[in-house]
J.: 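Dropping the structure in here first, questions after.
Each chain gets a letter, A, B and so on, in the order the sequences are listed, and its residues count up from 1. Atom set for the values below is all heavy atoms of this structure, side chains included, hydrogens, waters and symmetry mates excluded.
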Amino acid sequence: MSSGLPGPAPTERPTPEGRRNKQGIRIDPEVEAEPATRRAVISVLVEHEPGVLSKVSGLFSRRQFNIESLTVGPTENDSRARITVVTEESDPGIDQIEKQLRKQIPVISVKELPENAINRELALVKVEAENPDQVAAVAEMYDANTVDACPETVTVEITGSRQKIAAAVETFERFGVHEVTRTGTAALARGSESTTDDTTPQSTNQ
Amino acid sequence: MSERASTAPTDGATGEATPAEDEEPPRPRTGATSVVEALENAGVEYCFGVQGGAIMPVYDALYDSQAVRHVTMAHEQGAAHAADAYGIVSGEPGVCMATSGPGATNLVTGIADASMDSDPVVALTGQVPTEFVGNDAFQETDTTGVTAPITKTNYFASGADTVGDDVSEAFGLAAAGRPGPTLVDLPKDVTQDETDHEPGPPTTPDTYQVTERADPSAVREAADTIEAANKPLLLVGGGVIKGDASEEVRQFANTYDVPVTTTMPAVGAFPEDHELALEMAGMHGTGYANMAITHTDCLVAVGCRFDDRLTGGIETFAPDAEVVHVDIDPAEISKNVKADYPLVGDAATVVTQLDEAMRATPETKKWRATCQQWKSEYPMDYATPDDEPLKPQFVVEAFDEATEDDAIVTTGVGQHQMWAVQYWQYTEPRTWVSSHGLGTMGYGLPAAIGAKVAAPDTQVVSFEGDGSFLMTMQELSVAVRENLDITVVVLNNEHIGMVRQWQDAFYDRRRMASEYHWCPDFATLAEGFGAKGITVAEYDEVADAITEALEYDGPAVLDCYIDPEENVYPMVPSGGDNGQFALEEGHL
Ligand SMILES: Cc1ncc(C[n+]2csc(CCOP(=O)(O)OP(=O)(O)O)c2C)c(N)n1
Ligand SMILES: [Mg+2]
């Protein structure tokens with residue numbers, strides 16, 4: 001038989017006053033609130049080598065980070081690629097995303113871009129062509145180009161912010177939208193500011 | 001260890017070759033040659049593995065190496081665990097090798113284990129020739145895909161000219177900063193193709209830099225906080241062992257009168273017989289450690305990752321404490337517990353920085369007295385009634401007494417693991433070798449093999465559960481073949497006991513699939529393997545059996561029939577409040 005150990009029972013022990021929230025932050029238990037989430041655009045410069053994208057995207061699924069979009073493509077330097085990740089997380093979550101990304105060996109730089117950064121997305125929208133003139137008018141309103149047309153459908157290309165694309169798609173819906181494809185956000189820092197984090201050379205890379 | 005090229009005797013001390021009278025024409029230099037050279041450059045003396053088609057070129061090149069010896073394991077999981085334990089005990093990356101497909105997938109558990117515990121391991125896997133990759137060729141597995149989330153990084157070797165450097169980088173990265181496993185996948189054409197390239201020594205890529213020293217202003221603030229604390233507590237994590245910071249931590253605790261608790265991987269980092277030692281905290285930690293961690297006002301955590309087995313429910317973890325967190329991996333800072341004072345850097349360096357920054361000793365007399373009082377209130381006592389079966393705690397203590405202070409303990413996973421940590425007094429780093437983060441049953445015996453190979457002059461005792469032993473006992477064949485003088489102690493309760501304990505406490509004693517009803521006779525099995533087998537069931541047999549097992553020159557298995565109803569306490573149920581640890585089932 002297991003007799004257990006001697007000592008005061010749990011109910012006889014002093015207990016501390018304090019408490020932490022789920023993020024491990026000490027809080028006033030009376031005013032506990034979950035940290036709010038926000039949208040962050042993170043630019044990740046990586047070695048252009050096989051497997052990098054799966055390492056980065058695998059990290060997001062494994063650690064249950066939300067991704068709104070993830071784009072990847074070549075850069076000014078042939079040996080490097082840039083990944084732009086848009087995520088919706090709490091501040092501690094965004095901090096973790098950046099640190100975990102930096103731990104990936106092929107990752108060269110991780111930087112959250114400021115709100116004024118240039119964010120662009122491209123969408124192709126295949127619209128019902130019953131009223132081609134009206135479609136063209138809406139397209140013009142959103143600076144969209146008609147890239148393909150046939151008697152049944154017109155396909156337009158829209159470039160812009162996420163909101164602009166969402167608004168355009170919504171407007172086209174009144175004609176009937178057959179198909180939409182969107183690239184996700186690509187972003188660069190504004191002005192002379194660098195999109196690459198060169199202030200902390202991988203000192204945090206583990 | 002397998003002997004080949006036996007015409008070329010090695011110099012026993014250095015393993016360096018004396019000139020061989022080899023009449024054969026020189027063999028072509030291949031990618032495999034360069035893989036083996038990379039191992040030699042890294043100072044590898046031993047590797048653990050299992051042969052197979054896709055890795056044959058590497059083994060063939062190993063045939064000519066005088067420096068690297070290979071231990072042929074029974075199963076690749078055993079190879080990975082042996083390499084892991086070798087890494088823990090020696091501080092140098094352990095090496096395991098396997099063929100493609102099933103060889104590589106058999107390594108996976110061991111690699112995941114090393115990843116969770118930040119142990120330095122380099123895995124080399126064979127792969128089908130490049131031209132077949134992607135075709136579902138015989139024994140093809142996407143090894144880099146499978147192991148990406150459980151390695152620090154991995155490589156798919158792309159050519160004979162670069163494969164040696166891939167291996168050198170895998171070594172550099174496995175050991176650098178926060179250690180961990182790396183893997184190089186070696187397509188057969190890459191290792192077979194000829195190359196002139198000679199790989200360099202272990203290296204890390206330019207983009208990989210480790211912060212050694214913490215930001216001095218953060219150190220200043222942390223020191224101020226520690227000075228002002230009334231109830232400071234050092235929480236020592238596995239990083240203190242990996243970073244060889246035990247001495248610095250010991251000095252810091254002594255100088256500033258700060259009590260010390262450890263995580264499970266850090267057992268041995270601080271001597272458990274020290275008056276400031278509270279031993280291990282967490283799920284099965286001591287009552288006094290869990291009281292201290294619950295009531296501290298300043299938790300100085302060094303090299304730990306605040307795993308849930310340590311913290312219990314995060315809401316009630318050290319809820320009054322300001323947290324100073326020293327870690328070499330910035331991603332651990334504020335991952336689970338918010339660090340009020342984040343100190344990114346090497347454990348030994350940062351503890352020294354803290355020491356230099358301290359201007360006063362905190363007033364801890366009252367706090368230390370409280371901790372002492374908890375020690376007497378919550379002793380790790382157990383009774384040994386004559387009319388009941390053998391208590392496992394007794395066996396562990398008897399072994400501790402019978403062995404040297406620096407003896408190495410390895411374990412499987414379950415109740416026996418917890419008794420081995422609770423009732424053995426650890427006083428030196430790298431003497432406790434267990435599976436912490438992954439909790440891998442079957443770790444103990446292959447780990448004992450790796451530990452013994454790393455430290456041939458040190459006693460190695462492996463505590464096993466009957467269930468854990470059944471998972472990897474085939475490695476006994478390796479211990480016998482290599483004549484490794486290790487002692488396996490089966491704390492045999494004929495149950496997968498830890499599960500049975502949880503069922504009793506949380507599932508109304510519905511013992512589904514946790515009772516074996518029958519176990520093989522482990523002593524007879526041991527004899528069949530060519531090892532010594534001994535069975536004990538009575539208290540008065542224990543001492544002689546231990547002597548016999550320890551004196552036997554070679555692997556011995558001591559099968560101890562223990563009380564099948566014995567439970568592990570204290571216990572903080574999963575997600576529970578550390579301060580509310582249970583001392584008996586009624587508390588759960
Ligand atoms: C590979 C693996 N499978 C399953 C488990 C779940 N598990 C944890 S402890 C345990 C029981 C272990 O039994 P035994 O080795 O006899 O140890 P005991 O608890 O009886 O001392 C099991 C099944 C595990 N930890 N590892
Ligand atoms: Mg058992």
J.: So which part of E322(B) gets closer than 4.5 Å to some heavy atom of chain A, the side chain, the backbone, both or neither?
T.: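 Both backbone and side chain of E322(B) come within 4.5 Å of chain A.
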J.: Looking only at atom types and distance, does a side-chain atom of K99(A) sit under 3.5 Å from a main-chain N or O of P330(B), one as donor and one as acceptor?
T.: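 Judged by distance alone, yes, a pair lies under 3.5 Å.
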J.: Look only at the side chain of K103(A) and the backbone of D329(B), and say whether a donor-acceptor pair between them is shorter than 3.5 Å.
T.: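 Absent.
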J.: Treating R19(A) as the side-chain partner and D320(B) as the backbone partner, does any N or O pair qualify as donor plus acceptor under 3.5 Å?
T.: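 Here the side-chain-to-backbone pair does not exist.
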J.: Which heavy-atom pair separates P14(A) from M291(B) by the least distance, and what is that distance?
T.: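 Looks like CD-CE, 4.0 Å.
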J.: With chain A as the partner, which of D504(B), L173(B), N154(B) has the greatest number of non-hydrogen pairs under 4.5 Å?
T.: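 Of the candidates given, the most pairs with chain A belong to N154(B).
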J.: Quick check: does any side chain N or O of R26(A) sit under 3.5 Å from a backbone N or O of A321(B), one acting as donor and the other as acceptor?
T.: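 Confirmed, R26(A) side chain pairs with A321(B) backbone.
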J.: Check each atom of P205(B) against the heavy atoms of chain A and say whether the ones under 4.5 Å are side chain, backbone, both or neither.
T.: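 The side chain, not the backbone.
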J.: What part of T144(B) gets closer than 4.5 Å to chain A, counting heavy atoms only: side chain, backbone, both or neither?
T.: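 When you check distances to chain A, no heavy atom of T144(B) falls under 4.5 Å.
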J.: Indicate the atoms forming the closest heavy-atom contact of P319(B) with R20(A), along with that distance.
T.: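 Minimum heavy-atom contact is CA-NE, 4.3 Å.
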J.: Inspect the surroundings of NZ in K375(B) and state if more than 12 heavy atoms from other residues, nucleotides or ligands are less than 6.0 Å away.
T.: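 Yes, the 6.0 Å shell around NZ holds more than 12 heavy atoms from other groups.
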J.: Please flag which part of Q96(A) lies under 4.5 Å from any non-hydrogen atom of chain B: side chain, backbone, both or neither.
T.: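 Contact with chain B: side chain only.
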J.: Which bit of P570(B) comes within less than 4.5 Å of chain A, counting heavy atoms only: side chain, backbone, both or neither?
T.: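 For P570(B), backbone and side chain are both near chain A.
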J.: Which atom pair, heavy atoms only, marks the closest approach of L583(B) to P6(A)?
T.: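 L583(B) and P6(A) have their closest heavy atoms at CD1-O, 3.6 Å.
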J.: Other residues, nucleotides and ligands only: do more than 12 of their heavy atoms fall within 6.0 Å of CD on Q163(A)?
T.: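 For Q163(A), atom CD is crowded (more than 12 foreign heavy atoms under 6.0 Å).
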J.: Give me the atom names and distance for the closest heavy-atom approach of I105(A) to T207(B).
T.: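 Smallest heavy-atom distance, with atoms named: O-OG1, 3.9 Å.
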J.: Measure distances from M571(B) to the heavy atoms of chain A and classify the residue's part below 4.5 Å as side chain, backbone, both or neither.
T.: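 Neither; nothing under 4.5 Å.
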J.: What I'd like to find out is whether the side chain of Q23(A) reaches to under 4.5 Å of the side chain of I314(B), using heavy atoms alone.
T.: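 In short, these two side chains do not touch, never coming nearer than 4.5 Å.
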J.: Among A318(B), P564(B), A339(B), which residue forms the greatest number of heavy-atom pairs with chain A at distances under 4.5 Å?
T.: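 It is A318(B).
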J.: If I measure from the heavy atoms of chain B, does K22(A) come under 4.5 Å with its side chain, its backbone, both, or neither?
T.: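 It is both, since atoms from each part get that close.
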J.: Do L5(A) and E584(B) have side chains that approach each other closer than 4.5 Å (heavy atoms only, starting at C-beta)?
T.: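 They are not in contact (no side-chain heavy atoms under 4.5 Å apart), so the answer is no.
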J.: Can you tell which part of E47(A) gets under 4.5 Å to a heavy atom of chain B, answering side chain, backbone, both or neither?
T.: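 Side chain only.
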J.: Counting only non-hydrogen atoms closer than 4.5 Å, does R62(A) touch chain B with its backbone (N, CA, C, O), its side chain (CB onward), both, or neither?
T.: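 Interface part for R62(A): side chain.
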J.: Using a 3.5 Å distance criterion without hydrogens, assess whether the side chain of H295(B) forms a donor-acceptor pair with backbone atoms of T15(A).
T.: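 Absent.
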J.: With a 4.5 angstrom heavy-atom cut-off, could you sort out which part of I333(B) is near chain A: side chain, backbone, both or neither?
T.: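 For I333(B), the contact with chain A is made by backbone and side chain together.
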J.: Please state whether the side chain, the backbone, both or neither of D577(B) comes within less than 4.5 Å of a heavy atom of chain A.
T.: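 Neither part, no heavy atoms under 4.5 Å.
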J.: Among Y378(B), Y382(B), W374(B), who wins on heavy-atom pairs under 4.5 Å with chain A?
T.: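 Ranked by contacts with chain A, first place is Y378(B).
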J.: Which bit of P92(A) is near chain B, if near means a heavy-atom gap under 4.5 Å: side chain, backbone, both or neither?
T.: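 It is neither, since no heavy atom gets under 4.5 Å.
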J.: Looking at F581(B), I'd like to know if the NZ or CZ of R13(A) sits under 6.0 Å from its six-membered ring centre while staying within 45 degrees of the ring's axis.
T.: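 That pair qualifies as a cation-pi contact.
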J.: State, with a plain yes or no, whether a side-chain heavy atom of K338(B) is found less than 4.5 Å away from one of I27(A).
T.: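 No, too far: nothing below the 4.5 Å cut-off.
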